[in-house]
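Accompanying notes for the structure given below.
Letters A, B, ... mirror the listed sequences (proteins, then strands); counts begin at 1.
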Amino acid sequence: MPELPEVETVMRGLTPVMVGATIKTVDQRRADLRIPFPDNMKKRLEGRQVLSLNRRAKYMRIFLDDDNVLVIHLGMSGRMSIIDKGIRYSPQLHDHLILTLDNGVRLVYNDPRRFGMVFMTSAAELEHHRAFSHLGPEPLGNKFSGPILEERLKGKKTGIKQALLDQRVVVGVGNIYACEALFQAGINPAKQAYLVKGDKAEKLAAAIKDVLRRAIKAGGSTLKDYRHADGELGYFQHDFTVYGKEGEACLNCDCNVIKSGGIKRLVQSGRSTFYCARKQK
DNA sequence: CTCCTGTCCTGCCGGC
DNA sequence: TGCCGGCAGGACAGGA
């Protein structure tokens, strides 16, 4: 589920409750998610104060006062909830990790499919960790632009859609926002990646930024403090223009949808792509 | 190197 | 109604 905007929204929701707080207890309810939980995680976390949080790609990174970092990836189905002090809580199905803070707040990580990841590393080693060392630029950072995207796409003969999902090209873009950005840029998802250059690369980079920024804004503005009444963070109603809309009319559509079939679905590298064959060339 | 496929896991939805 | 196949927003390994 979560792509960059959702992870960003979850992180913004966690930040005010975690920063400055100390982790009092760790309730680890199984041994692993996609990979085993860190060795001695409970011992290594209990008593640690949280200094800060940030996000890199789709990973949340929680910096601790002993120079270690707790890294959380939500995978496909991971969710985070904040249970306020004094609220009754008993673990639900797929609640795998519960952190109780000294301010009385409980943080619950729930993940039915268990594609998520939790690991720890030292702050010094963080960027050299195998999860981070190969990553491309942050799309909302100042090191991302048309020319940089073009450079990263050089030599790639695969479809531009698949290339956008490659975290070495640009991070944080997942299946939904790849489709949405390509629609906005008017680029056919099957176009070979290396052919996206010049104005097209410029347009695509701008579309990626715009689509992600708008989604983050939606997450922040439709949710009070980024959280639902039940404490769940980061999941908000999107209004996608093409994703999941096979057969429907696209934005500002002037086709005869009955005749054209509307938005098309195709499978690329085993993942669904949605696009408009008329507007995306 | 690139590219493609399969895999991890559970839940849900549509068709028969 | 129940069962079954297909699909789901990610990342990685392995092989061509």
Side-chain angles (χ1 to χ4, degrees), chain A residues 1-11 29-37 55-61 71-80 91-97 109-119 129-136 139 151-183 189-196 208 211-212 214-216 218-219 232-247 265-275:
Chain A
M1 145 150 356
E3 301 183 29
L4 185 152
E6 292 76 25
V7 178
E8 179 71 23
T9 303
V10 172
M11 191 201 66
R29 304 182 50 79
R30 55 175 297 125
D32 57 359
L33 295 174
R34 210 189 119 186
I35 57 174
F37 280 127
R55 178 193 56 71
R56 172 82 170 107
K58 299 168 193 165
Y59 296 87
M60 288 184 288
R61 313 191 296 185
V71 182
I72 299 177
H73 191 296
L74 299 171
M76 294 272 257
S77 57
R79 288 154 187 271
M80 273 284 187
Q92 306 294 303
L93 188 65
H94 308 309
D95 283 356
H96 303 308
L97 184 64
Y109 177 88
N110 178 289
D111 186 358
R113 291 176 75 182
R114 303 206 306 274
F115 282 8
M117 273 184 266
V118 173
F119 59 88
H129 189 280
R130 45 176 298 183
F132 299 110
S133 58
H134 67 285
L135 293 178
E151 176 63 29
R152 297 247 160 195
L153 295 174
K154 238 175 217 166
K156 289 205 170 284
K157 296 212 166 66
T158 183
I160 182 65
K161 157 70 173 359
Q162 292 109 304
L164 291 181
L165 297 183
D166 183 341
Q167 301 295 295
R168 292 168 301 184
V169 171
V170 59
V171 302
V173 178
N175 207 36
I176 293 178
Y177 296 108
C179 294
E180 296 291 314
L182 286 167
F183 175 78
K191 189 183 185 72
Q192 289 184 107
Y194 76 97
L195 295 174
V196 176
I208 290 168
V211 160
L212 297 177
R214 283 192 290 118
I216 292 170
E232 186 178 322
L233 291 169
Y235 299 89
F236 37 89
Q237 282 306 316
H238 299 270
D239 207 9
F240 303 130
T241 51
V242 286
Y243 186 83
K245 305 248 181 188
E246 184 180 10
R265 172 180 178 269
L266 85 125
V267 176
Q268 296 178 285
S269 299
R271 322 269 325 256
S272 289
T273 301
F274 298 88
Y275 71 108

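If you take CD1 of A:I72 and P of C:dG10, they are 18 Å apart, rounded to a whole angstrom. Counting to the nearest Å, the P atom of B:dT10 and the CZ atom of A:R79 are 17 Å from each other. B:dT7 atom P lies 16 Å from atom CE of A:M76, rounded to whole Å. For A:Y177 and C:dG10, the OH to P distance is 10 Å, given to the nearest whole Å. For A:R168 and C:dG10, the CZ to C1' distance is 15 Å, given to the nearest whole Å. With rounding to whole Å, A:I35 atom CD1 is found 11 Å from C:dA13 atom P. One can place CG of A:D166 at 11 Å from P of C:dA11, the figure rounded to the nearest angstrom. The separation between A:F115 atom CZ and B:dG11 atom P is 12 Å, rounded to whole Å.
If you take atom P in C:dG6 and the same atom in B:dG6, they sit 13 Å apart, rounded to whole Å. Annotation: C:dC7 and B:dT5 have their P atoms spaced 14 Å apart (nearest Å). Atom P of B:dT7 sits at a distance of 16 Å from the matching atom of C:dG5, rounded to the whole Å.
Distances shown here put every side-chain N or O of A:K157 at or beyond 4.0 Å from the OP1 or OP2 atom of B:dT2. Side-chain N/O atoms of A:H94 include none lying less than 4.0 angstrom from OP1 or OP2 on B:dT10. Side-chain nitrogen and oxygen atoms of A:Q167 include none within less than 4.0 Å of the OP1 or OP2 phosphate oxygen of C:dG10. Contact annotation: A:S77 side-chain N/O to B:dC9 OP1/OP2 distance is not under 4.0 Å.
Heavy atoms of A:F240 sit nowhere under 4.0 angstrom from any nucleic acid atom. If you check every strand for non-hydrogen atoms under 4.0 Å, A:L4 touches nothing. Nucleic acid contact class of A:R34 (heavy atoms, under 4.0 Å, all strands): base.
A distance of 11.0 Å separates CD of A:Q192 from CD1 of A:I160, quoted to the nearest 0.5 Å. A distance of 12.0 Å separates CG in A:L33 from CZ in A:F119, rounded to the nearest 0.5 Å. A:M11 contributes atom CE, which lies 12.0 Å from atom CD1 of A:I72 (distance to the nearest 0.5 angstrom). Once rounded to the nearest 0.5 Å, the distance linking NE2 of A:H94 with OH of A:Y109 reads 12.0 Å.
Here the side chain of A:Y59 is nearest to one of C:dA11, C:dG9, B:dG11, namely C:dA11. Across C:dG9, B:dC4, B:dG11, the shortest atom-to-atom separation from the side chain of A:P112 is found for B:dG11.
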*Working for side chain to side chain contact (heavy atoms under 4.5 Å, CB included), residues A:V242 and A:E180*: CA-CA 6 Å; A:V242 286; A:E180 296 291 314; 3.5 Å; yes
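A donor N or O paired with an acceptor N or O is not found under 3.5 Å between the base of C:dA8 and the side-chain atoms of A:R271. Residue A:R113 places a side-chain atom within donor-acceptor reach of the base of B:dC9, judged by atom type and a 3.5 Å distance cut-off alone.
Consecutive Watson-Crick or G-U pairs involving DNA chain C, each under 3.5 Å on both distances, make up stems of three or more pairs at B:2-8 with C:10-16, B:10-16 with C:2-8.
Between A:R130 and A:K58, the residue anchored nearer the 5' end of DNA chain C, judged by the nucleotide with its closest heavy atom, is A:K58.
A distance of 6.0 Å or more separates the ring centres of A:F37 and A:H96.
By the 30° and 60° cut-offs, the orientation of the rings of A:F240 relative to A:Y177 is perpendicular.
For the pair A:V170/A:R152, no side-chain contact is recorded, criterion being any heavy-atom separation below 4.5 Å from C-beta on.
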